[in-house]
J.: 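Input: one structure, supplied below.
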Amino acid sequence: MILKPHTQDLRIIAHFLGKITLGFGMMMALPIGLSLFFGERAPVADFSIGLLLSMCAGFLLIRLAHLPQNTEMRWMHGMVVASSAWIVCMFLGAVPMYLSGHWRSYLDACFESMSALATTGLVLVQDLDHLSHAANFWRHLMMFLGGQGIIVVALSFLVKGGPGAFRLYVGEARDEKILPNIVETAKFIWIVSLVYFVLGTALLAFCGIWAVGMPVAEAFFHGACNFMAGFDTGGFTPQSQNIIYYQSMSYEMISILIMIWGSINFNLHYAIWTGKRRELWRDIEIRTFFVTLTVVVLMTITGLAKGHVYGAPVEFMRRGVYQVISGHTGTGFQSIYAQQFVGEWGPLALMGVILAMGLGVSACSTTGGIKMLRIGLIATALKEDVKRFLTSESAVVTAKFRHLRDLFLDDKQVRSAALITIAYILLYLLGTAIGCFFGYPFLNALFESTSAAGNVGLSCGITGASMPAALKVTYIFQMWAGRLEFVSVLVLGGFIVSFVRGK
Amino acid sequence: MNRVKSVVNVITGIYFEALFALFIIAWAFLICLFIFAVYP
């Protein structure tokens, strides 16, 4: 028998959802300030409406919940709040974008909003080159917030620590604590991001001024936007031509640095920043990343070389390797046009990029996809099994791996890694099947579906305002489920079923 | 003193992470050179 949730459950969920909505709404003050700085009037109204709407929704939820202090939050509440907060923020974040008139429908604005929050980078915006600075900045800011995690933002500023905070944090697919206190963990994630924000923005801005020849204010605006999209492995850029716009190898190389920094586990950042630098070479995630990167670069570059697509190693680097690293880290910056993937690249190179996109890099980072920790664990388990067959039958074979400390491999870890890996593969295939249903070729549909579910954002041309609405909804679901890594999404599904059918 | 030590650690940490990213770029470029030598 399924038990119907109590009113108290709904009140707890509404209370925390209200707080997150308030926090998210307050962020809209930043684009309002920017539009005043650049003298843009219309965005002030758009974002004020969005801010007011978010504030009203947040206060209403908190008021309706009327929760007594020190109420205990259970795992179910944390998971439901985490997964539903992303949907609520998607709807609210889309409001000022839709009001700007640059999106054909509210669904398109919601698609872009989820793409930003989930750090995917697929775009449906119309005439991006003439979008206001405020709306453009908002797209990138949402990407930055989503990359850190909406819950991490709330934990840093609005929610008190405690077991409930940890349950919220885990619901957002971050099950590794960096510091014993979860609020301190959230604050450390912000410190890393802000330190790199200053460094990365300065690097890109100076490169923009010296190598690209941009005016100072524009160079810093582009630098800040591209940093947020690169470090949070999102892939938006402030203009329609993506990274091709800059026509600068140094700008591309700096963006690779930023993408790699963003794909490192925050725990590893902590270890390196506290003097344990050897951890970088010993960690299972980095070692696995090195192996998979070598494989996908080999595949892609061989495909490009055999097809005589580019004529020099530097071109392989700027086009081929750039796309592979952009895909592997889940960023989605494009140094070639979308149509070139299917028009020029050929199936082997395309398969290399699809594989890179599906894999992702580190857990507890801003990247999407299956993640290197899971691939590393499955590979270690396979190695252990083979070793067991090769040694004497009475021998006890154990496998160890290094992830911030020495750990013994156990069946529970392998099972969990295998289950999530299978779930990702099924999600990739679901979008592919729906893409094929709408008449797109298999490889194109697989490419776009993997890009959406792996929160990458590379596109081979399917994503556009004219694609079927059902496919847009499918990709929104894929981006959401892929970012939250399924568990909290499934718990929300179970919660809705128990609410409807429970007794 | 501890604060100075942690700031130094952060700076060397960032430097180390930058070296790591540069190493990845250099490794990928080596692969490009190798493939270009095989399929000129």
Side-chain angles (χ1 to χ4, degrees), chain A residues 191-192 195-196 198-200 203 252-254 256-264 268-281 286 289-290 293-308 310-322 324-325 328-329, chain B:
Chain A
I191 290 169
V192 173
V195 167
Y196 271 122
V198 173
L199 184 69
L203 275 174
E252 289 161 17
M253 292 305 123
I254 293 171
I256 291 184
L257 285 184
I258 293 169
M259 289 191 266
I260 293 173
W261 288 339
S263 64
I264 295 175
L268 209 51
H269 279 298
Y270 183 76
I272 296 163
W273 285 23
T274 48
K276 296 173 200 152
R277 287 183 278 280
R278 283 182 64 203
E279 289 302 322
L280 190 60
W281 306 109
I286 297 297
F289 173 56
F290 190 71
L293 184 78
T294 305
V295 171
V296 289
V297 167
L298 271 172
M299 267 176 83
T300 308
I301 301 301
T302 306
L304 292 175
K306 281 188 81 175
H308 302 288
Y310 302 116
V314 175
E315 283 300 298
F316 285 151
M317 190 69 199
R318 288 186 67 183
R319 311 285 173 243
V321 170
Y322 191 90
V324 170
I325 293 181
H328 207 329
T329 56
Chain B
M1 197 62 199
N2 270 348
R3 187 158 283 240
V4 174
K5 202 180 161 192
S6 10
V7 171
V8 170
N9 265 337
V10 168
I11 294 168
T12 49
I14 291 170
Y15 174 69
F16 199 72
E17 287 179 4
L19 279 184
F20 167 70
L22 288 172
F23 169 74
I24 295 281
I25 294 172
W27 174 246
F29 189 62
L30 268 178
I31 297 175
C32 290
L33 287 175
F34 170 72
I35 301 288
F36 191 71
V38 178
Y39 298 103

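Below, read A as the first sequence line, B as the second, and so on, with proteins coming before strands; counting in each chain starts at 1.
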J.: Within this structure, what is the CZ-OH distance for the pair A:Phe316 and B:Tyr39, rounded to the nearest 0.5 Å?
T.: 11.0 Å

J.: Is there a side-chain contact between A:Val321 and B:Phe29 (heavy atoms, below 4.5 Å)?
T.: no

J.: Output the option from A:Met253, A:Met259, A:His269 having the highest count of non-hydrogen pairs under 4.5 Å with chain B.
T.: A:His269

J.: If I measure from the heavy atoms of chain B, does A:Ile260 come under 4.5 Å with its side chain, its backbone, both, or neither?
T.: side chain

J.: Check whether B:Phe23 gets within reach of chain A through its side chain, its backbone, both or neither, counting any heavy atom under 4.5 Å.
T.: side chain

J.: Which atom names give the shortest non-hydrogen contact between A:Pro313 and B:Cys32, and what distance separates them?
T.: O-CB, 4.2 Å

J.: Heavy-atom distances under 4.5 Å only: say whether A:Leu280 touches chain B with side chain, backbone, both or neither.
T.: side chain

J.: Most heavy-atom pairs under 4.5 angstrom with chain A, which of B:Val38, B:Thr12, B:Leu22, B:Ile14?
T.: B:Ile14

J.: Got a second to check how far A:Thr300's OG1 is from B:Ile31's CD1, nearest 0.5 Å?
T.: 10.0 Å

J.: Got a second to check how far B:Phe20's CZ is from A:Phe290's CZ, nearest 0.5 Å?
T.: 8.5 Å

J.: With a 4.5 angstrom heavy-atom cut-off, is it the side chain or the backbone of A:Leu293 that approaches chain B, or both, or neither?
T.: side chain

J.: From A:Leu298 CG over to B:Phe34 CZ, what is the distance, rounded to the nearest 0.5 angstrom?
T.: 7.5 Å

J.: Nearest 0.5 Å please: distance from the CD1 atom of A:Ile325 over to the CD1 atom of B:Ile25.
T.: 6.5 Å

J.: Over all heavy atoms of both residues, which pair between B:Ala21 and A:Leu257 is shortest? Give the atoms and the distance, please.
T.: CB-CD2, 3.3 Å

J.: Got a second to check how far A:Lys276's NZ is from B:Phe16's CZ, nearest 0.5 Å?
T.: 14.5 Å

J.: Do B:Asn9 and A:Arg277 have side chains that get closer than 4.5 Å, going by heavy atoms?
T.: yes

J.: Chain B heavy atoms under 4.5 Å from A:Ile286: which part of the residue, side chain, backbone, both or neither?
T.: side chain

J.: Does any heavy atom of chain B fall under 4.5 Å from the side chain of A:Ala312, the backbone, both, or neither of them?
T.: backbone

J.: Heavy-atom cut-off 4.5 Å, strictly under: side chain, backbone, both or neither for A:Thr274 against chain B?
T.: backbone

J.: Check whether A:Val324 gets within reach of chain B through its side chain, its backbone, both or neither, counting any heavy atom under 4.5 Å.
T.: neither

J.: Would you call A:Phe289 and B:Ile24 a side-chain contact if the rule is heavy atoms closer than 4.5 Å?
T.: yes

